[in-house]
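Structure, as structure tokens:
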Amino acid sequence: MPELSPRYNPQEVEEKRLKLWQEKKAFHAVAERSRKGPFAVVIPPPNVTGVLHMGHALNNTLQDILIRYKRMQGFDVLWMPGTDHAGIATQNVVEKQIAKEGLTRETLGRDKFMERLWEWKAHHGDTIINQLHKLGSSCDWDRTRFTMDEGYSEAVREVFITLHERGLIYQGSYIINWCPRCTTALADEEAEHKDASGSLWHIRYALKDDPFQSVIVATTRPETMLGDTAVAVNPSDERYTHLIGKVIILPLINREITIIADDFVDRAFGSGAVKVTPAHDPNDFAMGRRHNLEFINIMHPNGVMNANAGRFEGLDRFEARKQVVQALDEAGMLVKIEPHMNAVRRCYRCDTVVEPYLSRQWFVKMKPLAEKALAAFHDGKLRIQPKRWEKVYENWLVDIRDWCISRQIWWGHRIPVWYDEQGNTFVARSEAEAKEKARVKHGKEVTLLQDPDVLDTWFSSWLWPFATLGWPKPGKDLKYFYPTAALFTAPEIIFFWVARMVMAGIEFMGEVPFKDVILHGTVRDAKGRKMSKSLGNAIDPLEIIGEYGADALRFSMILNSGQDIYISKEKFEIGRNFANKLWNASRFVMMNLAPEALRIEDFAGIDHAALDPASQWIMARYQKALVAVTEAIEQFRYSEAENTLYEFFWGTYCDWYLEMIKGRMDDINTQKTVCLILKNTLKMLHPFIPFVTEEIYSHITGVETVLTLEAWPIPEEKYAYAQAEVGMGSIVAIITAIRNVRAQWNIKPNDPVECVFVAAAGSETGLRTNEAMIKRLVRMSGIRYATSAEGITNSAAGVAGDIKFFIPLGDLIDVAKEKARITAEVAQMEKAAHAIAGRLANEGFVSKAPPEVIEKERQRMTELTSRALEFNKALACLI
RNA sequence: GGACGCAUAGCUCAGCUGGUUAGAGCGCUGCCCUCACAUGGCAGAGGUCGAAGGUUCAAGUCCUUCUGCGUCCACCA
């Protein structure tokens with residue numbers, strides 16, 4: 001056994017283990033290898049442009065815990081890794097890069113620009129994967145997929161074509177969310193509402209026949225008035241009924257527009273009259289359709305005013321706003337300006353204010369898909385945790401709107417549609433197929449042009465659970481691993497991704513893609529703010545890994561993962577410290593145990609009848625921890641599982657058990673127990689902190705072990721009985737024993753002495769409350785290391801347990817003060833007993849409370865009374 | 001405007017179906033470098049469970065209202 005440093009060095013160990021896992025292909029998934037069946041999880045694919053942040057770290061640690069646990073349980077585990085091409089985000093990154101060379105994508109041209117994108121992907125695309133790797137994620141890395149790799153693209157095309165055939169994809173001109181900076185359409189979910197304080201401009205529109213008569217309209221976007229083609233009022237609004245049908249001269253543009261009546265108009269808002277701009281507002285668009293209005297587009301795709309804007313042509317939309325307002329004011333048409341709070345939609349990629357813009361796009365008809373997703377949920381085929389998110393999922397599906405899937409960018413899956421010169425569309429799997437279709441239609445070869453647009457990134461992401469398994473090609477993996485078991489993700493992404501995956505899964509695989517959706521919190525800084533680069537409050541996971549180790553990162557993160565997680569750098573110390581404690585306790589064990597004990601594999605190797613009481617006790621505690629941890633993991637309550645392990649290992653195994661058996665290490669059965677409990681605890685801890693546990697395990701066994709391939713411990717029912725015997729003995733007896741020891745050995749100050757401790761079986765409850773008292777009493781006798789006798793018992797015989805105590809009499813405490821304190825506590829005990837007595841005398845309680853509760857209370861009272869009595873006796877016989 | 005979440009020790013949170021004298025970690029105080037570990041050990045201080053009502057024999061836990069913080073959704077000009 002090589003000498004191990006007293007300080008755990010994570011960097012060295014983690015590097016070594018990563019290499020080993022790779023060499024041994026430890027995470028390689030194989031279908032139909034085990035009788036336990038499949039257990040698959042797909043990673044939420046991070047953006048290729050991504051750099052590991054705390055959100056990833058949390059998300060992947062959660063998955064890894066489950067994955068490693070299930071692997072240890074013997075399932076055929078597949079954790080599918082990969083990255084998302086992240087259309088706009090990636091294109092933005094590369095556009096910025098070429099901008100440094102003075103280039104734009106337009107000057108470069110589509111093909112060259114695409115080359116640059118792929119080049120970028122080749123160089124930087126693995127960054128995040130490598131970082132996830134460092135975190136210890138046990139994905140089957142050989143399977144790493146990319147949403148734009150060849151097979152995946154095939155799946156995307158197949159889905160587009162199938163949906164089109166089923167009448168669920170259509171093309172049309174509607175008002176969509178347009179980002180003038182990215183010059184592309186966005187889906188509703190990609191345009192985020194953000195509150196902003198703006199203004200409400202009230203403008204006067206004069207009547208053509210009678211310039212002295214006018215209506216006043218209010219708007220938050222005055223520049224759009226240039227595209228007005230009507231003014232609308234509510235048909236039941238008496239103020240305006242006489243004006244319906246009259247003509248108005250639109251200021252600045254001098255276009256004649258009509259006053260129309262429409263139920264949409266809210267009489268109570270503003271003046272009750274509203275300007276109608278069908279090409280620049282979704283409501284106005286609908287009105288325009290209803291009333292057959294003209295659609296006048298006043299803007300170029302980049303947000304600069306076009307020729308329809310008259311003298312405002314060439315101005316950016318915000319500059320145009322200023323100048324329009326000014327011009328209106330000068331013309332005396334501006335009535336007033338009110339401050340106004342409203343939600344402005346912004347591009348989720350570049351934060352530019354989104355423009356409602358009329359354009360021709362491709363859409364997915366969502367209602368039929370959503371209905372099935374809803375039905376599957378109602379049938380209980382999908383569980384969402386925590387439950388409160390179920391409603392969010394449900395509401396979105398109920399109120400769903402069609403999905404705009406075309407994007408005017410270049411990085412992505414090209415829309416598989418070709419047009420001939422007449423504008424006929426040919427939806428096809430390939431250009432050749434399209435050409436063939438066109439040939440049939442025209443009876444001759446014709447030239448075709450492919451639709452220049454690409455598909456929304458999410459149009460590929462929503463296929464992730466089955467496209468990664470090889471769909472549309474049939475295969476063993478697809479058949480075996482689909483549907484997957486669970487999905488871990490952040491709630492922000494329910495609409496973008498989760499709900500859509502459910503739809504696609506049902507539509508194309510006939511089954512929901514996962515049974516459990518686990519939504520975890522957001523990682524925030526200590527002040528509760530989201531971590532972001534711009535705020536400068538982000539803690540880099542790689543920095544933490546470098547300093548404290550990946551185990552420390554994982555451990556601390558999970559321990560803190562209740563709802564949202566508030567992180568500061570100091571919080572990672574707990575993980576580092578724990579790993580170090582684990583390391584040192586193991587070092588101690590290895591220093592003191594015989595090789596025979598270190599080789600112990602299971603409980604059968606221990607002669608339980610010959611076991612010392614402390615070891616019997618730790619067995620019981622271990623069983624309890626094992627059951628609790630297993631249950632917590634099954635319920636996805638990882639922080640609870642981890643906390644249980646933390647307390648068991650540190651608070652019970654180290655602080656009590658190892659202290660107790662020091663000096664008893666010559667017993668081989670004790671040695672074996674010490675080792676076996678440690679080994680099984682390492683196994684239980686392995687899903688949480690894979691590196692350090694495996695390293696230690698390998699040192700103990702002397703064999704390089706891949707712990708995730710070892711079996712998860714199974715509770716041994718026969719050891720549970722020790723639990724029932726846990727009890728505290730007579731306090732008077734303890735005091736007596738201490739006094740005897742002192743007298744017997746003629747103890748001098750600061751002499752460490754072993755104390756024989758009498759403890760009897762019987763009283764099972766009240767252990768914890770007794771503990772503090774006993775420690776006090778023991779201290780009053782001059783024992784400093786009062787490892788107390790919690791849980792130590794040696795059967796009903798009431799014979800000595802043999803727990804080691806150090807008794808330095810140097811620092812005797814103030815006995816009088818302690819006596820007073822104990823007296824107070826005893827009084828409190830008596831008070832509690834009295835309260836119970838009162839309760840028991842209460843008619844309501846006796847008649848209405850369940851009998852077992854009454855019985856419990858009665859017992860408790862008896863116990864409190866007798867304990868108080870005993871403490872009183874003990875006080876009397878003290879020094 | 002709609003929906004949801006949180007409020008428990010100085011800080012971060014447990015407290016799962018109402019039933020012992022409300023717990024942990026960090027921080028703080030005191031004593032210890034004792035031969036596994038000072039990234040450690042032992043001992044200790046610290047809470048009228050956000051406010052007010054209500055249900056109940058019994059409320060941190062259930063109901064109502066309010067206050068403060070947070071999140072998501074939303075086409076009202």
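Per chain, numbering begins at 1; letters A, B, ... match sequence-line order.
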Closest nucleotide among [options] to the [X] side chain:
{"X": "A343(A)", "options": "U21(B), C72(B), A74(B)", "answer": "A74(B)"}
{"X": "R576(A)", "options": "U39(B), G15(B), A77(B)", "answer": "U39(B)"}
{"X": "H340(A)", "options": "A77(B), A36(B), C57(B)", "answer": "A77(B)"}
{"X": "R388(A)", "options": "U56(B), G19(B), C4(B)", "answer": "C4(B)"}
{"X": "V274(A)", "options": "A77(B), A36(B), G25(B)", "answer": "A77(B)"}
{"X": "R401(A)", "options": "A74(B), C37(B), U12(B)", "answer": "A74(B)"}

What integer distance in Å separates [X]:[atom1] from [N]:[atom2]?
{"X": "F269(A)", "N": "G1(B)", "atom1": "CZ", "atom2": "C1'", "result": "13 Å"}
{"X": "F588(A)", "N": "G41(B)", "atom1": "CZ", "atom2": "P", "result": "14 Å"}
{"X": "E857(A)", "N": "C57(B)", "atom1": "CD", "atom2": "P", "result": "16 Å"}
{"X": "F496(A)", "N": "C73(B)", "atom1": "CZ", "atom2": "C1'", "result": "12 Å"}

According to the interplanar angle, ranging from 0 to 90°, do the rings of [X] and [Y] count as parallel (below 30°), tilted (30 to 60°) or perpendicular (above 60°)?
{"X": "F649(A)", "Y": "Y653(A)", "value": "parallel"}
{"X": "Y646(A)", "Y": "F555(A)", "value": "tilted"}
{"X": "W583(A)", "Y": "Y8(A)", "value": "tilted"}

Is it the case that [X] and [Y] place a side-chain donor and acceptor less than 3.5 Å from each other?
{"X": "D228(A)", "Y": "Y205(A)", "answer": "yes"}
{"X": "R587(A)", "Y": "N584(A)", "answer": "yes"}
{"X": "H834(A)", "Y": "E830(A)", "answer": "no"}
{"X": "E190(A)", "Y": "Y348(A)", "answer": "yes"}

Exercise. Carefully, step by step, assess R290(A) and I260(A) under the rule side chain to side chain contact (heavy atoms under 4.5 Å, CB included).
Key: CA-CA 11 Å; R290(A) 282 197 289 273; I260(A) 59 169; over 6 Å; no
Hey, is the side chain of [X] poking within less than 4.0 Å of OP1 or OP2 on [N], counting only N and O atoms?
{"X": "H193(A)", "N": "C75(B)", "value": "yes"}
{"X": "R7(A)", "N": "A36(B)", "value": "no"}
{"X": "W650(A)", "N": "U39(B)", "value": "no"}

Exercise. Report which part of the nucleic acid L864(A) touches: base, sugar-phosphate, or nothing (heavy-atom distance under 4.0 Å, all strands).
Key: base
Is the base of [N] touched by the side chain of [X] through a donor-acceptor pair closer than 3.5 angstrom?
{"X": "N283(A)", "N": "C75(B)", "result": "yes"}
{"X": "D266(A)", "N": "C76(B)", "result": "yes"}
{"X": "K391(A)", "N": "C4(B)", "result": "no"}

Quiz item: Between Q635(A) and V589(A), who's closer to the 5' end of RNA chain B by nearest nucleotide?
Solution: Q635(A)
Practice problem: Hey, which sits more toward the 5' end of RNA chain B by its nearest nucleotide, C654(A) or N395(A)? | Solution: N395(A)
Practice problem: Quick one: the dot-bracket string of RNA chain B, using Watson-Crick and G-U wobble pairs with both distances under 3.5 Å, [ ] for crossing pairs and | for bases paired to another strand. | Solution: (((((((..((((.....[...)))).(((((.......))))).....(((((..]....))))))))))))....
Quiz item: Quantified in whole Å, what is the P atom distance between nucleotide G70(B) and nucleotide C26(B)?
Solution: 30 Å
Quiz prompt | U12(B) versus G27(B) - spacing of their P atoms, nearest Å | solution = 15 Å
